[in-house]
Amino acid sequence: MAVTSFVVAGCTHTGAGALEKLGVELSTRGLKKPLIVTDKGVLRAGLVGKVQEVLKSAGIAYEVFDETVANPTDKNVDACRKLYEKTRCDCLVAVGGGSSIDCAKGCAVVAGGKKSINEFEGFGLLERPMPFFVAIPTTAGTGSETTLFAVITTTKEAQARKMVIGDPRMVPNVGIIDPLLMMSLPPHITAATGMDAMTHAVEGYLSKLAYEYPEAFCKESISIIAEYLPRAVGNGQDLEAREKMAYAQTMAGMGFSNVGVGVVHGMAHPLSAFYNIAHGDANAVLLPYGLEYNKIVRMDKIAVIADLIGLKTCGLSILQAADAAVAGIQELNSLMGIPRTISELAKQRKIKVNKKDIPALAKDAMKDLSMSFNPRVPTLQEIEALYELAWE
């Protein structure tokens, strides 16, 4: 058997009140001035203020970059780097969803250098260690607090495109996952980010590189999300559900970060780049279609997913159990108000999409790093057909 490597965050604090660990994590390392990377929505929600209070109590100064946009761009990263260097910060604290954490990761990659983030697309291209990095997620979705990837939208081309940047050195030094920071998330964001975590867990489990450690984390994450995500969507003040989802997203991150994702992410990234569709929304809608596509090569594992999400499979064949899993994921989406198709999602979110873009979307999807981990090797024609199927 080949040697495997399993990379996770240096330290992960999880649970109600975990935010209080931030001060000691910085002060014991002699760090004196973090740049807080966030977005205006998180700032307005008062969550950055809670981080600032912890830093003030520890006697630590800080600067704030709050210009992160959904699906962060190379311009975002460049603006963040300029502020980091201008204010002579010595570390980064990302506060928010995957966008803020990815923007901060991008800043950490280019800080102190002369290259643009566009020059780091791919895997293992970092030229120096990143500054000390703390990730504090405010959604239970991306798992970015423990992953070695960032996704940045490049604006250097005629059509915006998402770049996947990966390196073992991109894993945050510290992850702080405090469910108290997630209590105010509205239901539709809770649902979309939760199904983003589900997609990470499912695709990590099905990855052609999957092995024992990631599989264990991904399977447990699938089970927890199926049980607790509907509760978190139905009652955002359910602290147990929020805490369970916090654990699930991090476990999914630990899993997929080490083995990659697949066709769902590969197709979701262009949808976000073309139309600014939220990544969690795109993954959630596409997940049942991706499962159906991969069923021919991962039937046994997809059948296991049926059990993990609580379906009764006794007496069913492997094919029947796999079919039940696909239907069960779709039913979970429907339970939480997630549309079945891209066109329904666009209508719900008031986003303009164009079916004529499918050939261009498919071409970008085929270039996505995620596709290289998918257990079934896709063709351009198959990806176009999947977009057609998921469209309406």
Side-chain angles (χ1 to χ4, degrees), residues 6-26 29 31 34-39 42 47-48 50-51 54 68 72 80 91-109 130-152 164-182 185 189-190 193-194 196-201 204 214 217-218 220-221 224-225 242-259 261 279-280 283:
F6 191 69
V7 181
V8 295
C11 180
T12 302
H13 303 287
T14 306
L19 181 59
E20 296 299 323
K21 297 289 186 179
L22 176 61
V24 69
E25 287 287 0
L26 298 184
R29 292 174 171 83
L31 298 166
L35 176 64
I36 299 173
V37 181
T38 188
D39 64 62
V42 175
L47 303 181
V48 175
K50 294 182 179 181
V51 174
V54 171
T68 304
C80 188
C91 58
L92 288 144
V93 175
V95 184
S99 293
S100 293
I101 298 175
D102 278 1
C103 183
K105 283 184 179 179
C107 175
V109 167
M130 300 199 316
F132 191 84
F133 188 96
V134 180
I136 306 175
T138 59
T139 66
T142 69
S144 294
E145 69 280 357
T146 191
T147 71
L148 49 87
F149 292 101
V151 182
I152 305 296
V164 179
I165 300 164
D167 193 289
R169 290 166 289 181
M170 288 176 64
V171 177
N173 300 93
V174 175
I176 296 177
I177 306 96
D178 191 332
L180 296 177
L181 300 177
M182 305 170 186
L185 277 179
I189 296 180
T190 299
T193 55
D196 186 20
M198 176 68 87
T199 305
H200 293 154
F217 280 105
C218 289
E220 183 65 14
S221 179
I224 292 173
I225 293 168
R242 292 292 191 187
E243 188 164 76
K244 291 290 188 179
M245 283 302 302
Y247 278 111
Q249 71 139 3
T250 303
M251 287 190 290
M254 290 177 178
F256 91 83
S257 180
N258 284 276
V259 294
V261 276
H279 179 62
N283 270 344

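Just so you know, residue 1 is the first one in the sequence shown, and it goes up from there.
Side-chain contact between P172 and K105: present, with at least one pair of heavy atoms (C-beta onward) separated by less than 4.5 Å. Side-chain atoms of T142 and T193, non-hydrogen and from C-beta on, never get closer than 4.5 Å to each other. Between I177 and P137, the closest side-chain pair of non-hydrogen atoms falls below 4.5 Å. Between C80 and V37, the closest side-chain pair of non-hydrogen atoms falls below 4.5 Å. For the pair L19/V51, a side-chain contact is recorded, criterion being any heavy-atom separation below 4.5 Å from C-beta on. The side-chain heavy atoms of V134 and P34, taken from C-beta on, include no pair separated by under 4.5 Å. Counting only heavy atoms from C-beta outward, the side chains of L180 and R242 never approach each other to under 4.5 Å.
The stretch residues 243-256 participates, sequence neighbours left out, in these side chain to side chain donor-acceptor pair (under 3.5 Å) pairs: E145-Q249, E145-T250. Residue pairs meeting the side chain to side chain donor-acceptor pair (under 3.5 Å) criterion with at least one partner in residues 8-23, sequence neighbours excluded, are H13-E25.
Judged by distance alone, the side chain of N173 and the main-chain N or O of F133 form a donor-acceptor pair under 3.5 Å. Not one N or O on the side chain of S99 forms a donor-acceptor pair closer than 3.5 Å with the backbone of P72.
Between I224 and A248, the closest heavy-atom pair is CG2-CB, 3.7 Å. Nearest heavy-atom pair across H200 and A252 is CB-CB, 4.1 Å. Nearest heavy-atom pair, F217 versus M254, reported as atom, atom and distance to 0.1 Å: CE2-SD, 3.6 Å. Considering every non-hydrogen atom in both A18 and D178, the closest pair reads N-OD2, 3.1 Å. Taking each heavy atom of P131 and A108 in turn, the nearest pair found is CD-O, 3.4 Å. Contact detail for G23 and V54: the closest heavy-atom pair is N-CG1, 3.8 Å.
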message: What verdict does the side chain to side chain contact (heavy atoms under 4.5 Å, CB included) test give for V7 and S257, after you've listed the backbone C-alpha separation in whole Å, the side-chain angles of each residue and the deciding distance to 0.1 Å?
response: CA-CA 8 Å; V7 181; S257 180; over 6 Å; no

task: Verify side chain to side chain contact (heavy atoms under 4.5 Å, CB included) between V8 and V171, making sure each step is shown before the conclusion.
output: CA-CA 7 Å; V8 295; V171 177; 5.6 Å; no

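Between atom SG of residue C103 and atom CG of residue D39 there is a gap of 10.0 Å, rounded to the nearest 0.5 Å. Atom CG of N258 sits about 6.0 Å away from atom CG of L148, to the nearest 0.5 Å. Taken from CG in L181 to CD1 in I176, the straight-line distance is 9.5 Å, to the nearest 0.5 Å. With rounding to the nearest 0.5 Å, the separation of OG in S100 from CD1 in I136 is 11.0 Å. Atom CD1 of I36 sits about 9.5 Å away from atom SG of C91, to the nearest 0.5 Å. For the atom pair T138 OG1 and K50 NZ, the distance stands at 11.0 Å (nearest 0.5 Å).
Among residues two or more places apart in sequence or in another chain, the side chain to side chain donor-acceptor pair (under 3.5 Å) test is passed with T146 by none. Remark: F149 engages no residue in a ring-ring contact (aromatic ring centres under 6.0 Å, His included) (not counting sequence neighbours). Residues satisfying the side-chain contact (heavy atoms from CB on, under 4.5 Å) test with T199, not counting sequence neighbours, are E203, V264, H265, N283, L287. Residues that satisfy the side chain to side chain donor-acceptor pair (under 3.5 Å) test with T68, not counting sequence neighbours, are absent from this structure.
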